[in-house]
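Reading through the C-alpha cells given below for one structure.
The shown structure was predicted, so the numbers you read here are calculated from the model rather than taken from an experiment. We count ligands from 1, going down the list as the structure has it; atoms in each ligand are counted the same way.
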Amino acid sequence: MIRSYLESDLTAIDKIGSLIKDDFNKKYDILNLNHDYANIYVYLIDDVITGFIQYEEHYEVCDIINIAVSEEYQNKGIGKALIDYLINHTKCEKIMLEVRENNLKALNLYHKCNFKEINRRKKYYGNEDAIIMEREVAMDVYIMGIESSCDETSISIVKNGHEEIATTVLTQMDTHALYGGVVPEIASRMHTENITMVLEDVLSKTDLTMDDISAIAVTYAPGLLGSLLVGVEFAKVLSLVYDKPLIATHHIAGHIYANNLVKKMEFPLLALVVSGGHTELVLMEDDYKFKVLGTTLDDAVGECFDKVARVLDLPYPGGPNVEKYAKMGKPTYDLPKPMENDELNFSFSGLKSAVINLNHNELQRGNEIRKYDLACSFQTVAIDELIRKTKLAIEKYDIKRVIVAGGVSANGFLREEMEKLCKKMHVDLTIPPLKYCTDNATMIACAAYPQYLNHDFADLSLRAKSQEYFFEEHKS
Ligand code: AMP
Ligand code: MG
C-alpha cells in the first residue's frame with residue numbers, strides 16, 4: 001500500500017533515508033514538509049514502512065528529491081511502484097530528478113520508468129557527473145498483446161487501449177482443415193515454430209522497438225493448454241529479457257474489449273457474450289466490473305454451432321460454415337424454441353438434440369437431409385433466442401448501450417438482427433468488425449490496458465489454464 005506520510009512515519013523515513021544520504025535528516029528538515037508543494041509517499045507492507053519517495057511540485061514541474069527502499073526490501077519493484085504512484089497522482093506536466101552517474105541501480109530504475117537524460121552537471125559530485133533526467137507525466141501506453149489460445153498465432157501492438165498500431169495473425173486453419181478440426185498437438189507445435197516470426201513481422205510493420213513497449217499481455221485462459229502455454233511462456237521470456245511488466249489477460253476480456261477499437265465503451269452497458277464457451281448477458285458497470293444477468297444452463301451457443309456443423313458433416317471451421325450453408329437455405333424444418341419463458345438464462349441443448357435427432361431419423365428413413373435448410377432452421381432459432389433475451393434485458397434494466405462480444409458475433413444474421421433490434425429500441429449498439437471477432441491479439445492488448453492502469457501485473461509463476469470462467473473472477 002502507498003499513501004502520503006504521517007508525522008509518525010518520520011523516524012522510519014529518516015532511517016531508510018540515511019541509507020542514501022548521511023545528512024538525510026537535515027535534508028527533510030530544510031525542505032519543511034508543511035509546505036503544500038512538498039510531500040512524501042510511503043510504501044507499506046504489513047504496516048511497516050519499506051520505502052518512500054520525497055518530491056516537490058513547482059508549477060508544471062515535479063522534482064523527485066529522494067527515493068529510497070530499505071535494504072531487505074530492495075529488488076521487489078517498490079521503487080518503481082512509488083514512481084508510478086507519483087506519475088499517477090501528480091498534477092504537474094513533467095517529473096525531473098538528478099542522479100549520480102555511477103549510481104547504476106538508480107539509473108536502471110529511472111530508465112525503466114521512461115526517464116530520459118536531458119543534461120549533465122559536470123563533476124558535480126567530485127569526480128562524478130550529476131545526470132539530470134526528465135519524463136512527461138502523460139505518456140502513451142503501448143501494449144504488446146499475444147494470443148495463441150487455439151489455432152491462430154497473433155501478436156499486436158495497441159496504443160492507449162484502443163488504437164491499433166500493428167497486428168499479425170497467422171492462422172493454421174488450412175492445416176487443421178485437413179483433419180476436420182483443430183488437432184491440439186499440431187496446433188501447439190505450429191505456434192512454437194511460428195511465434196518468433198510473428199513477433200518479427202509485427203515489429204517490421206512499425207517504427208517502434210521493444211524499448212517503446214510498456215507491457216506484454218498474453219491470453220492465459222481459456223483454450224487448448226498446449227497452445228496457451230506457447231504464448232504464455234513466450235510472453236514471460238519477453239517480459240524477462242526486456243524488463244517489461246507481464247499482464248495475464250482472459251480471452252473473453254479480449255473479445256469484450258475489442259469493442260474499444262470501434263469506440264470507447266461507456267458504462268453502464270449490456271454485453272451479449274457469445275462464444276465457444278460462453279453465452280451470457282452481462283451488465284458491465286465499469287472496466288472489469290460485470291454482473292451476469294443471464295447465462296446458459298447447458299451448452300454455449302458457439303459450441304452448438306460447432307456440433308451442428310459436425311452433424312451436418314460440414315467442413316471445419318464449424319460455426320462459419322453453418323452460417324454459409326444457412327445463407328443458401330430456408331428455415332423450413334420445425335425445431336423447438338428454447339426456454340419459452342421470460343427469464344434471462346439460455347438453454348441450447350434441446351435445440352442441439354433436436355437437430356441431431358432430426359438428422360438421425362431422416363437418415364434412418366432413407367430421406368436425404370436438406371443441409372442448407374437445416375442449417376438455416378437451426379441458425380434462425382438460435383439467433384432469435386439471443387435477440388429475444390437481449391430485448392428482455394434491455395427492457396428490464398432500461399439499457400441504453402449494447403455491445404456484442406465473442407466468436408459468434410462474427411455471424412452475419414446475428415449482426416443484422418441485433419442492429420434491427422437496437423435501432424427499434426433506440427439503443428446504441430457496437431459490434432467489433434469481423435477481423436476482431438475471430439481470434440486476434442489486438443483485442444488482448446486492448447483488454448490489458450485497464451489492467452495496466454490498475455497495476456494488475458502477473459509474475460513469472462503465471463500458469464496457462466485451459467478453463468477459467470471469466471465472470472466469476474470479476475463480479476461487480
Ligand atoms: P470464441 O470461443 O469466442 O473464440 O469463438 C469461437 C466460437 O465462435 C466457435 O464456437 C465458432 O464456431 C463460433 N463462430 C465463429 N464464427 C461464427 C459464425 N460466423 N457463426 C456462428 N458461430 C461462429
Ligand atoms: Mg475467440
So, 2.8 Å as the limit: is an N/O/S atom of H251 located closer than that to the Mg ion (ligand 2)? yes

Among all protein non-hydrogen atoms, which one is nearest to [atom], and what is the separation to 0.1 Å?
atom                    : result
atom 11 (C) of ligand 1 : D306 OD1, 3.7 Å
atom 13 (C) of ligand 1 : V408 CG2, 3.9 Å
atom 7 (C) of ligand 1  : G276 N, 3.5 Å
atom 19 (N) of ligand 1 : E323 OE1, 2.7 Å
atom 20 (N) of ligand 1 : N411 ND2, 3.0 Å

Distance-only side-chain donor-acceptor flag, [X] / [Y], under 3.5 Å:
X    : Y    : result
S347 : D298 : yes
E468 : Y220 : yes
N259 : Y436 : no
S149 : T219 : no
T438 : E152 : no
T153 : N194 : no

Near [X], which atoms of ligand 1 are under 4.0 Å from a heavy atom of that residue?
X    : answer
D439 : 4 (O)
H255 : 1 (P), 3 (O), 4 (O)
G302 : 10 (O), 12 (O)
S275 : 1 (P), 2 (O), 3 (O)

Which residue in the set D306, N321, D151 passes side chain to side chain donor-acceptor pair (under 3.5 Å) when paired with Y316? D151

Could you tell me which N, O or S atom of D439 is nearest to the Mg ion (ligand 2)? OD1

Looking only at N, O or S atoms, find the one in H255 nearest to the Mg ion (ligand 2) and name it. NE2

Quick test of your reading of the structure: of P317, C437, G407, G319, whose heavy atom lies closest to atom 15 (C) of ligand 1? G407

With a cutoff of 4.0 Å, is H251 in contact with ligand 1, counting heavy atoms of the residue only? yes

May I ask you to check whether H191 and F234 place their ring centres under 6.0 Å from each other? no

Any N/O of G406 closer than 3.5 Å to an N/O of ligand 1? no

Below the 3.5 angstrom mark, is there an N/O of F305, backbone or side chain, next to an N/O of ligand 1? no

Flag if over 12 foreign heavy atoms under 6.0 Å of NZ, K307: no

Side chain to side chain donor-acceptor pair (under 3.5 Å) filter on N88, not counting sequence neighbours, yields none

